[in-house]
Amino acid sequence: RQRQMCIRDRDKDSMASYIQKKREMGLARMSLATKRQEIKKLDEDADRAEKRLRQQQEQLQNTHGKFNDFLRQSNMEQDAAVKRADIETKAKQEKMQEAKKLNGQILLIETEKKKNDE
């Protein structure tokens, strides 16, 4: 009889150990499933962040290109404005020289006229 009790106790211990191991396995599986879900969520977050980063890089490149085009156009307009200013300055100087020359001729004619009137 005592032997039967020993066997039963051993069976109970074995059963309790078996149940404990099954419980631990179930918890480990749940933990693993949770970790996999977390990894999947982190991967999705990383993918979204990379996509946003690529879009921002493309936008930055487009903005950079537009800015370079603007600078090129601005430089061309500035060069044209400088050329126009140079041409206008030269024309003004020529007109001023012509005006001085004409004033000199007027003074000469007036001087000759005064001499003739005398």
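Small disclaimer: the values here were computed from a predicted structure and weren't measured. Note that these values count all heavy atoms, side chains included, but never hydrogens, waters or copies made by symmetry.
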Side-chain contact test, heavy atoms from C-beta onward, threshold under 4.5 Å: evaluate it for [X] versus [Y] and give yes or no.
| X | Y | value |
| --- | --- | --- |
| Gln105 | Lys101 | yes |
| Glu44 | Lys40 | yes |
| Lys66 | Phe70 | no |
| Arg72 | Asn75 | no |

Between [atom1] of [X] and [atom2] of [Y], what distance do you get to the nearest 0.5 Å?
| X | Y | atom1 | atom2 | value |
| --- | --- | --- | --- | --- |
| Lys114 | Ile109 | NZ | CD1 | 13.5 Å |
| His64 | Asp69 | NE2 | CG | 10.5 Å |
| Leu107 | Glu112 | CG | CD | 11.5 Å |
| Asn116 | Thr111 | CG | OG1 | 11.0 Å |
| Lys113 | Ile106 | NZ | CD1 | 12.5 Å |
| Arg36 | Asp43 | CZ | CG | 13.0 Å |

Donor-acceptor pairs under 3.5 Å, side chain of residues 80-90 to any protein atom, not counting sequence neighbours: which ones?
residue, atom, partner, partner atom, Å
Thr89, OG1, Ala85, O, 2.7

Q.
Under 4.0 Å between a side-chain nitrogen and a carboxylate oxygen: does that hold for Asp47 and Lys51?
A. no

Q | Donor-acceptor contact below 3.5 Å, side chain Thr34 vs main chain Met30 | A | yes

Q: Return yes if a side-chain donor-acceptor contact under 3.5 Å exists between Gln20 and Glu24, otherwise no.
A: yes

Q) Are a donor atom and an acceptor atom from the side chains of Glu77 and Gln73 found within less than 3.5 Å of each other? A) yes

